[in-house]
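Counting begins at 1 with the first residue of the sequence. First listed ligand is number 1; within each ligand, the first listed atom is number 1.
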Amino acid sequence: MATISRAAQFAQRTAHLRASTIREMLKVTQQPDVISFGGGLPAPELFPTAAIGAAALAVMERLGPAALQYSVTEGIPEMRGWVAERLTRRFGRIFDAESVQIVNGSQQGLDLVGKIFLDPGDHVVLEDPSYLGAIQAFDAYQTRYLTVDTDEEGLLPDSLERVLERADPFPKFLYLVPNFQNPTGRTLSGERRPTVVRICEHFGLPIVEDDPYGELRFEGRNLPPLISFASTAPIIYSGTGSKVMAPGMRIAWLVVPDDDIREKIVLAKQGADLHSGTFAQYVFHEYASNGPAFDAHVHTIAETYARRRGIMAEALGEFMPQGVHFTHPAGGMFLWVTVPGVDTTQLLRISAESKVVFVPGVNFYPHRDVHDGMRLNFSNASEKNIRVGVERLAHAVRLYKG
Ligand SMILES: Cc1ncc(COP(=O)(O)O)c(C=O)c1O
């Protein structure tokens, strides 16, 4: 009887899936005395548990079985309307509920975008470094990456232009996180935003704008999203309830004004899961439709994270040796530390023994070619633990340097 090897049973695309060193590393953080700056978790003590409980009851009382039935793929009309209205209010440009697609976490949105655009060998343009979850989502489609250089103000338009001029094959889209980027915490400056849109329009390159952190701004003024600029090249905007309500709800949204792209996304989602959970959508909407309470909640989250960011930055300045530098994010959940001359994957081994963990920066570089960075999360640890953790981390850096 003919047999085939185990490896040959799997689709070729599985060979492109990267083992998540982060997940392995995070096992260490299960130990109670380890301080973790590694995960990307929101502060659980800020989840509005009582209000979500009340919203769930209200939904059950008002809708009963209708809240538990199969539903349409695009999302319940109430949620699509809420997303369009909130974006319209925040950005002073009309967003249409018809262009909103509710997804199961923005991670699903990234997978669906990959599914409809990417063939094996295709290029995607990414910031360098970039969000690891996006790289994982696109990897499954056997993609290759073209990287654009970044500085303190986000991606460099000149670098983007150079990459697009030389690209072969021409990429399918640009993916970027313009606000308080994961992993660096950097924000694409207001001056660069229209330039990036203009360059992509010139080349006819679609943009995938991932904005999970935009509402968590600590200081400065809100900047218009790329999707608010007129462009003949399509722009897909991704937002999520994960950071402003709770990630376990898995409620997120794509805004896709282009009808052809939206149709394909609906079909891809139908094949993936038919629709996002009806009950979760109703509960999310019930909670979030109380505008003032929702705004106050988002404000509390931003205030709390701003304090934690401040304490982390202060501790880094106080404890880290000369030469170490770090970003000063104006929002979000992460900051990025550069430790020149240090391979932070090696550093993690030492720091884990000192009971503090982080994500080594190399994981966020699509070509895995830069080793001296690390991503620190400041949303999930207490103020006291942030100080203690940074002191331990600085000690680990000194041990590494001998
Ligand atoms: C840039 C970025 N995009 C997407 C996600 C995924 O979020 P969601 O919980 O909506 O799937 C995250 C989560 O950390 C993120 O940082």
Side-chain angles (χ1 to χ4, degrees), residues 20 22-23 26 36-44 46-47 75 79 83 86 100-115 124-140 150 154-155 173-188 207-217 225-227 236-255 265 269 272-273 276-277 280-281 284 288 298 301 305 309 327 329 331-336 358-359 361 363-366 375-380:
S20 171
I22 296 182
R23 295 216 172 275
L26 289 180
S36 177
F37 300 139
L41 305 182
L46 298 180
F47 292 157
M79 262 314 296
V83 170
R86 189 156 184 90
V100 175
Q101 168 66 57
I102 302 300
V103 285
N104 196 41
S106 42
Q107 193 65 27
Q108 182 185 46
L110 298 178
D111 178 58
L112 295 176
V113 165
K115 200 174 236 173
V124 171
V125 183
L126 296 177
E127 298 167 278
D128 207 20
S130 232
Y131 169 52
L132 178 60
I135 299 174
Q136 283 183 315
F138 305 147
D139 273 353
T150 57
L155 69 75
F173 58 82
L174 162 69
Y175 166 83
L176 81 171
V177 182
N179 293 316
F180 326 124
Q181 193 223 24
N182 181 359
T184 62
R186 289 181 187 136
T187 291
L188 182 65
I207 298 175
V208 178
E209 174 178 30
D210 190 5
D211 188 25
Y213 304 105
E215 295 229 22
L216 301 181
R217 178 172 273 285
L226 302 185
I227 198 174
I236 298 173
Y237 176 92
S238 168
T240 180
S242 289
K243 320 297 175 180
V244 289
M245 187 173 167
M249 300 286 290
R250 306 312 293 138
I251 298 293
W253 43 89
L254 292 175
V255 181
I265 285 189
K269 184 167 164 72
D273 63 358
S276 292
Q281 291 186 68
F284 187 103
V298 174
I301 299 172
Y305 292 178
R309 184 272 331 249
T327 58
M333 301 188 353
F334 304 101
L335 63 73
W336 183 259
F358 58 87
V359 183
N363 296 286
F364 302 98
Y365 288 93
R375 188 192 75 175
L376 302 189
N377 166 268
F378 52 76
S379 60
N380 189 249

Looking only at heavy atoms, what is the nearest atom pair of I207 and L176, with distance? CG2-CD2, 3.7 Å
Heavy-atom closest contact (Y213 atom, N179 atom, distance): CB-O, 4.0 Å
Using ring centroids (six-membered ring only for Trp), state whether F358 and F334 fall under 6.0 Å. no
Looking only at protein heavy atoms, which one is nearest to atom 16 (O) of ligand 1, and how far off is it? Y213 OH, 2.5 Å
Determine, using heavy atoms of P212 and all atoms of ligand 1, whether some pair is separated by less than 4.0 Å. yes
Counting only N and O atoms by type, is there a donor-acceptor contact under 3.5 Å from the side chain of E209 to the main-chain atoms of L226? yes
Does R250 have a heavy atom less than 4.0 Å from any atom of ligand 1? yes
Counting heavy atoms only, name the option from N182, D210, I251 that's nearest to atom 2 (C) of ligand 1. D210
Protein contact of atom 12 (C) of ligand 1 - nearest heavy atom, named by residue and atom, plus distance: Y131 OH, 3.3 Å
How far is atom 9 (O) of ligand 1 from its nearest protein heavy atom, and which residue and atom is that? S242 OG, 2.6 Å
Can you list the residues that meet the side-chain hydrogen bond (donor to acceptor under 3.5 Å, both in side chains) rule with Y237, with sequence neighbours excluded? D211
Under a 3.5 Å distance rule, please check whether E127 uses its side chain to pair with a backbone N or O of S130 as donor and acceptor. no
The protein heavy atom nearest to atom 7 (O) of ligand 1 is S106 OG, 3.1 Å
Can you sort out which atoms of ligand 1 are near V177, meaning under 4.0 Å from one of its heavy atoms? 1 (C)
Only heavy atoms of G105, strictly under 4.0 Å: list the atoms of ligand 1 that pass. 10 (O), 11 (O)
Is Q181 close enough to touch ligand 1? Criterion: a residue heavy atom under 4.0 Å from a ligand atom. no
What's the shortest heavy-atom distance between L110 and Y131, and which atoms? CD1-CE2, 3.9 Å
Of the protein's non-hydrogen atoms, which lies at the shortest distance from atom 14 (O) of ligand 1, and what is that distance? K243 NZ, 3.0 Å
V359 to G38 - nearest heavy-atom pair and separation: CG2-O, 3.1 Å
